[in-house]
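Here is the naming used below: chain letters follow the sequence lines, and residue numbers restart at 1 for every chain. Every value quoted in this text rests on a predicted model; they were computed, and no experiment measured them. Scope of the values below: all heavy atoms of this structure, side chains included, with no hydrogens, waters or symmetry mates.
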Amino acid sequence: MKFGVVQFPGSNCDLDCYYALNDIMHVPVEWVWHKQESLDGFDCIFLPGGFTYGDYLRVGAIARYSPVMTAVIDFAEKGGLVIGICNGFQVLTEAGLLPGALIRNECLHFICKQQTVRVENIDTPFTGMCQKKQVLQIPIAHGEGCYYADKETINRLEKNNQIILKYCDVNGNISKQANPNGSLSNIAGISNKTRNVFGLMPHPERCIEDCLGSDDGRLIFESILMYFEKKNILVK
Amino acid sequence: MWAVKVNIELKKGVLDAQGKTTHKALHSLGFHNIKEVRVGKLIELQVEGGSREEVERQVKDMCLKLLANPVIEDFKYEIEEQ
């Protein structure tokens, strides 16, 4: 089993993802350059945070046409696990692997802070180790994290339990006050219908050790490992 | 040579945070009669060769694939021969 971390020009959380997988989770991980056209041999692909192509035109719009994205789309369609964090989430929506779009924060500010999110669905490869409605503390750092989709899409996401994380207060209450960026329905993370593609604005790779202020992010990584263990895919 | 101007704006109903903030700023400058401000973008292209129809087809394709995101944005374009 092998993890891949994609590097686009302008990715800047690629090392954090690599560190989390290699140094903390101790699983095999390799870099995937944005020009790579095949993902053969990989089981899970990370699209890290950053500012791909300087966020020019729209966030994620240029990266979406990197050669590697054709391979990522193909990999996802075959059931491979894909997780897009922050800018990676934006790239996944631009690529059409996840519905909706991420637009400028309602407050216009770049927000960088600790945030609480509530796990809305634990029946996914990315949240299987979480408790139902568990509140996680995971930092956010973005200028364009306001999730938008038309009403029909939001209803569909709700109905299919595709909303995986919602912004909440420390007690797990979902409210406008707990919503940092104006995202519709307090959406912080969603999956596709088949649950193998996950996009989230918070950064689990930035909270994997106590010394980082929280290690709640580990649950996301551990969930992925548990998912593979259950499928009898050797983790090490 | 064709001069193409592509106008991209956020769809009605999509929160335009930049527009709202600009509106407030105009208001504080004393422009009290502004009803609404929407901020979009203008992309200018110089396109070589082809007929108007071909250029139009190309521009539409570019907008749908890259220049605009149909989930959140509408686009319009003008094509002028130079």
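- Atom OH of Y56(A) has 12 or fewer neighbouring heavy atoms from other residues, nucleotides or ligands inside a 6.0 Å radius.
- Dense packing is recorded around CD of Q46(B), with more than 12 heavy atoms of other residues, nucleotides or ligands lying under 6.0 Å away.
- At a threshold of 4.5 Å between non-hydrogen side-chain atoms, the residues K65(B) and R64(A) do not count as touching.
- Among L66(B), I43(B), I72(B), the residue with the largest count of heavy-atom pairs under 4.5 Å with chain A is L66(B).
- For N105(A), the part sitting under 4.5 Å from any heavy atom of chain B is the backbone (N, CA, C, O) and nothing else.
- In E80(B), the CD atom is not crowded: 12 or fewer heavy atoms of neighbouring residues, nucleotides or ligands sit closer than 6.0 Å.
- Counting all heavy atoms, side chain and backbone alike, Y148(A) lies closest to V71(B) at CE2-O, 3.8 Å.
- Environment of NZ in K113(A): crowded, with over 12 heavy atoms of neighbouring residues, nucleotides or ligands closer than 6.0 Å.
- At a 4.5 Å heavy-atom cutoff, the contact between Q18(B) and chain A is made by backbone and side-chain atoms alike.
- Residue F31(B) places its CZ atom among 12 or fewer non-hydrogen atoms of other residues, nucleotides or ligands, all under 6.0 Å distant.
- The nearest pair of heavy atoms linking V14(B) to I103(A) is CG1-CD1, 3.6 Å.
- With a 4.5 Å cut-off on side-chain heavy atoms, N69(B) and T93(A) do not count as touching.
- R104(A) contributes no side-chain N or O that, together with a main-chain N or O of L15(B), makes up a donor-acceptor pair within less than 3.5 Å.
- Between the side chain of K20(B) and the main chain of E106(A), no donor-acceptor pair closer than 3.5 Å is present.
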